[in-house]
Amino acid sequence: MNSQQITAEIILRLRRGWVWILGTAILISAILIIFAMRTPKTFTSSATIFPLTATPDNSSSALNALMGGGDIGKNFTDENSVNIVDLAMSRSLREEVAAAKVPSLGNKTVAELMLNEYNQNRSAMEKPSIASNDPSLITWASGVLKSNMTANITRTNSFVLTFTGRTRDLVRVISYIIIDKISGFYIDLKIEKAKRDFEFASKKVDSLRGVMNSKDQKLIAMDQHTLFTNTSQLQYRVPTENVIADKQMIRAQYANAVANQQNAAYKLQKATPVIKVLDKPDPPYSVKRRSKMVYGGIGFAGGLIVMSLIMLIPLLIKYLSIEFSKLIQNSPSKNVVVPKGNP
């Protein structure tokens, strides 16, 4: 078969099976259109967060505290640097968000609300999720949060947090809970060292105050026991002088402890950052849904191509058989020469 015969045969076969080809294309197109229609819409919120951290140099970027770099506010506890992106995507924070209760929505946890949203808006291709009383519900919700949440530092030094869900109300609620948890975790990590220093200084002040009070009580008792005695005698004067000397030393220590307490309180106040949400995660949200036109067009074109190839498979087999037969017929025969033996 030459090329003209093959082309004519292809056209003839396609004309004979045009009903099947067109019907298959329409069927596949309809299936993909239904799939696109049944796929739920997604809503993506976006929030920009910025820390207001007390620094000795206001010209330096306060975002260094979030990025774990720079000399000012570079560490969360002045010993261990924690990047806020890692903090936002950490499992601990996601589980805290999943376990948080929402009073405005029946006091249900975020995990339960996410489960209800998934079951009510899942597509035909998605499998049913776990049961609401499953012990691993928090873990499941944490995984869903991880796949639907992004956190990054932009080129303009802004911390941007996004969250994607299937209902507007729940997207807003979860976005604000995530921001609150990030703020709480960040502040706790930032002030942990300063808070411990302040607590230690406060305990030291209370302890020294108690010792001073005990010395005062001892002096009062000694004075009461020497009302009708000569206090100028050594046996009475020396113990009193010793107690007074001890009290003076303790008073000096107490003054230093109070100063340390005030210094620790100042450091605690200075180290406590304020998280400011510049762009709140409120509507309008970015809405995404599969296009019925695009999916229908892809299904129609794919159906035409696939069914056309199926219709041409017998012609392809016939052409290969003919060519293979010609190849066998034109192959040179092998002549075997048998030498003659002597009689």
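- A distance of 12.0 Å separates CD in Glu95 from NZ in Lys181, rounded to the nearest 0.5 Å.
- Within 6.0 Å of CZ on Arg16 lie no more than 12 heavy atoms contributed by other residues, nucleotides or ligands.
- Side-chain N or O atoms of Ser90 include one that pairs as donor or acceptor with a backbone N or O of Leu87 at under 3.5 Å.
- Between the OG1 atom of Thr48 and the CG atom of Asp279 there is a distance of 4.0 Å, given to the nearest 0.5 Å.
- Between Arg209 and Asp206, at least one side-chain N (NZ, or NE/NH1/NH2) sits under 4.0 Å from a carboxylate O, which counts as a salt bridge.
- Between Ala151 and Ala88, the closest heavy-atom pair is CB-CB, 3.9 Å.
- Judged by distance alone, the side chain of Ser175 and the main-chain N or O of Val171 form a donor-acceptor pair under 3.5 Å.
- The side-chain heavy atoms of Lys215 and Ile250, taken from C-beta on, include a pair separated by under 4.5 Å.
- Under a 3.5 Å cut-off, the side chain of Asn119 and the backbone N or O of Leu115 do form a donor-acceptor pair.
- Annotation: side chain of Leu145 is in contact with side chain of Met114 (closest heavy-atom distance under 4.5 Å).
- You'll find the side chain of Leu170 stays beyond 4.5 Å of the side chain of Val102, heavy atoms only.
- Cluster annotation: Leu22 and Ile310 are assigned to the same hydrophobic cluster (Ile/Leu/Val/Met/Phe/Trp/Tyr, side-chain heavy-atom contacts under 4.5 Å, transitive).
- Within the 4.5 Å cutoff, the side chain of Gln262 has no heavy atoms near those of the Tyr266 side chain.
- Of the possible polar contacts, one joining the Glu117 side chain to the Thr167 backbone as a donor-acceptor pair under 3.5 Å is found.
- Atom CZ in Arg289 sits 9.0 Å away from atom CZ in Phe43 (nearest 0.5 Å).
- Taking all atoms of both residues into account, the shortest heavy-atom contact from Asn116 to Lys108 is ND2-NZ, 3.6 Å.
- Looking at Arg172 and Tyr285, their side chains come closer than 4.5 Å, going by heavy atoms from C-beta outward.
- Within a 6.0 Å sphere centred on NZ of Lys292, other residues, nucleotides and ligands contribute 12 heavy atoms or fewer.
- Side-chain contact between Ile26 and Phe300: present, with at least one pair of heavy atoms (C-beta onward) separated by less than 4.5 Å.
- Note that the CD1 atom of Ile49 and the CD1 atom of Ile84 stand 6.5 Å from one another [nearest 0.5 Å].
- Under a hydrophobic clustering in which Ile, Leu, Val, Met, Phe, Trp and Tyr are joined whenever their side-chain heavy atoms come within less than 4.5 Å, directly or via other members, Val144 and Ile138 fall into different clusters.
- Exactly one residue among Leu161, Val97, Thr162 makes a side chain to side chain contact (heavy atoms under 4.5 Å, CB included) with Met149. That residue is Leu161.
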### Task
Please report the C-alpha distance between Ile182 and Glu96 in whole Å, then the side-chain angles of each, then the deciding distance to 0.1 Å, and finally whether the side chain to side chain contact (heavy atoms under 4.5 Å, CB included) criterion is met.
CA-CA 10 Å; Ile182 290 177; Glu96 284 285 336; over 6 Å; no

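- A distance of 11.5 Å separates CD1 in Ile177 from CG in Leu93, rounded to the nearest 0.5 Å.
- Nearest heavy atoms, Arg94 versus Met89: NE-O, 3.2 Å.
- When the side chains of ILVMFWY residues are joined at heavy-atom separations under 4.5 Å, either directly or via intervening members, Ile174 and Val287 end up in a single hydrophobic cluster.
- Summarising the geometry of Trp140 relative to Ala111, their closest heavy-atom pair is CZ3-O, 4.3 Å, with the distance given to 0.1 Å.
- Gln261 and Ala201 make their closest contact through CA-CB, 3.6 Å (heavy atoms, listed as atom of the first residue, atom of the second, distance).
- Val205 places a side-chain heavy atom less than 4.5 Å from the side chain of Tyr254.
- A side-chain donor from one of Ser136 and Asp134 sits under 3.5 Å from a side-chain acceptor of the other.
- We find the CD1-OG distance between Ile178 and Ser183 to be 11.5 Å, quoted to the nearest 0.5 Å.
- A chain of hydrophobic side-chain contacts below 4.5 Å, direct or via other Ile, Leu, Val, Met, Phe, Trp or Tyr residues, connects Val306 to Leu304.
- Between Ala264 and Phe198, the closest heavy-atom pair is CB-CA, 3.6 Å.
- With hydrogens and angles ignored, the 3.5 Å screen pairs no side-chain donor or acceptor of Ser29 with any backbone N or O of Ala25.
- The hydrophobic cluster containing Ile179 also contains Val85, counting ILVMFWY residues as joined when their side-chain heavy atoms lie under 4.5 angstrom apart, directly or transitively.
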